[in-house]
Trainee: 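Okay, here's the structure, questions in a sec.
Side-chain atoms are counted along with the backbone in the values below, which use heavy atoms only and exclude waters and symmetry mates. All values reported here derive from a predicted model rather than from experimental measurement. Index from 1, following the sequence. One-based numbering, in listed order, for ligands and for the atoms of each.
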Amino acid sequence: MNTIQTIQLSKRYGQKLALDNLNLEIAKGELFGLLGVNGAGKSTAIKILSCVSRPSQGDARVLGYSVTLQPFEVKRRINISPQETAIAPNLSVRENLEFIARIYGCGRQTAHDKTDTVLASSGLEAIEYEKARVLSGGWQRRLSIAMALISDPQVLFLDEPTLGLDVLARRELWMLIQKLKGEVTMILTTHYLEEAEALSDRIGILANGKLKAIGTVAEIKQRTHSPNLEEAFISLAGEREGQA
Ligand SMILES: Nc1ncnc2c1ncn2[C@@H]1O[C@H](COP(=O)(O)OP(=O)(O)OP(=O)(O)O)[C@@H](O)[C@H]1O
């Protein structure tokens with residue numbers, strides 16, 4: 001069974017068809033990169049898959065549960081590391097993680113133990129008592145991913161996880177994401193093509209709400225006769241709204 005399957009998934013905002021008949025399958029443990037220019041429909045797809053927004057037509061199954069009919073079953077098994085990190089600046093790294101664990105209903109001791117596990121797996125142990133507000137952008141993003149991991153999600157959505165980070169911080173975050181590969185099914189949105197290439201098992205390219213291509217980077221390059229992913233991306237996604 002695929003971990004994610006979308007079936008003729010569409011979303012309309014007024015006149016705007018933000019997602020147009022998306023049919024997509026993502027396997028268990030896969031890291032799937034969802035690419036597209038601004039406004040292509042990436043966030044719309046993620047919002048529907050994470051039950052933040054409802055499709056206008058079609059459906060999606062996440063871990064076998066329908067996002068339209070069984071959103072609570074879906075929400076219990078997924079998590080999102082959002083673009084804007086939702087960390088509490090005046091709490092320490094540990095307090096942020098324990099706070100989230102308590103929100104998920106853990107008792108004090110379980111929250112403490114889960115936090116220990118996540119601090120270790122996400123490489124945050126050395127700074128557990130630092131206030132979040134003094135952390136660099138890279139460490140804040142790492143904490144944001146760690147907070148999403150507290151609920152032991154089977155599916156993790158990573159929305160632009162390295163946006164605005166310097167090259168070293170980005171590489172460090174890639175290592176954390178690579179460590180999670182295989183354990184958690186991940187859907188990554190990014191505008192950095194080298195990031196999608198380095199991390200993704202397969203990628204999908206959206207343009208004007210439509211899936212233009214899906215496959216490994218090698219398959220997509222071959223299909224578009226492109227020497228690199230950037231050329232392939234431009235040939236598939238370069239058409240802006242309103243252009244021929
Ligand atoms: N709440 C909304 N109301 C009206 N239109 C919306 C809404 N959300 C998204 N849209 C429109 O739907 C289209 C797809 O937007 P979406 O945010 O999914 O794109 P995106 O690929 O995530 O872009 P970005 O890379 O800029 O985040 C755009 O034309 C956008 O203006």
Trainee: For ligand 1, find out whether one of its N or O atoms is nearer than 3.5 Å to an N or O atom of H191.
Mentor: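 N/O-N/O distance under 3.5 Å: yes.
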Trainee: Relative to the heavy atoms of A18, which atoms of ligand 1 are at a distance of less than 4.0 Å?
Mentor: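 Per the distance check, 12 (O), 13 (C), 14 (C).
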Trainee: Does NZ or CZ of K75 lie under 6.0 Å from the centre of the six-membered ring of F72, at an angle within 45° of the ring axis?
Mentor: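 Ring-cation test returns yes.
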Trainee: Could you list the atoms of ligand 1 found under 4.0 angstrom from a heavy atom of S43?
Mentor: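 With S43 as reference, the close atoms of ligand 1 come out as 17 (O), 18 (O), 20 (P), 22 (O), 27 (O).
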Trainee: So, are R94 and E130 salt-bridged, with charged N and O less than 4.0 Å apart?
Mentor: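 No, this pair does not count.
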Trainee: Closest by any non-hydrogen atom to atom 25 (O) of ligand 1: pick that one out of Q15, K42, E160.
Mentor: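 Result: the heavy atom closest to atom 25 (O) of ligand 1 is in K42.
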Trainee: Is the CD atom of Q178 crowded by more than 12 outside heavy atoms at less than 6.0 Å?
Mentor: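 Yes - once you tally the heavy atoms of other residues, nucleotides and ligands closer than 6.0 Å, there are more than 12.
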Trainee: Would you call R77-E73 a salt bridge at under 4.0 Å N-O?
Mentor: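 Counted as a salt bridge, because a side-chain N and a carboxylate O are separated by less than 4.0 Å.
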Trainee: Would G39 count as being in polar contact with ligand 1, using the rule that some N or O on each side must be under 3.5 angstrom apart?
Mentor: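 Min N/O separation from ligand 1 is below 3.5 Å for G39.
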Trainee: Below the 3.5 angstrom mark, is there an N/O of K47, backbone or side chain, next to an N/O of ligand 1?
Mentor: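 No - when backbone and side-chain N and O of K47 are compared with those of ligand 1, no distance drops under 3.5 Å.
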Trainee: Hey, are K114 and D152 close enough for a salt bridge, meaning a charged N less than 4.0 Å from a carboxylate O?
Mentor: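 Salt bridge present between K114 and D152.
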Trainee: When only distance counts, is G41 in polar contact with ligand 1, meaning an N/O pair under 3.5 Å?
Mentor: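 Min N/O separation from ligand 1 is below 3.5 Å for G41.
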Trainee: Give the atoms of ligand 1, by number and element, whose distance to some non-hydrogen atom of T44 is under 4.0 Å.
Mentor: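 This gives 14 (C), 15 (O), 16 (P), 18 (O) as the contact atoms.
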Trainee: Is it true that R102 and E95 have a side-chain N and a carboxylate O under 4.0 angstrom from each other?
Mentor: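 No.
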Trainee: State the atoms of ligand 1, each with its element, that fall below the 4.0 Å cut-off from a heavy-atom position in A40.
Mentor: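 Heavy-atom distances to A40 below 4.0 Å select 19 (O), 20 (P), 21 (O).
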Trainee: May I ask you to identify, for V37, whether its side chain, its backbone, both or neither come under 4.0 Å of ligand 1 on a heavy-atom basis?
Mentor: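 Only the backbone of V37 comes within reach of ligand 1.
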Trainee: Determine the minimum heavy-atom distance between R12 and S56, stating which atoms define it.
Mentor: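 Where R12 meets S56 most closely, the heavy atoms are N-OG, 2.8 Å.
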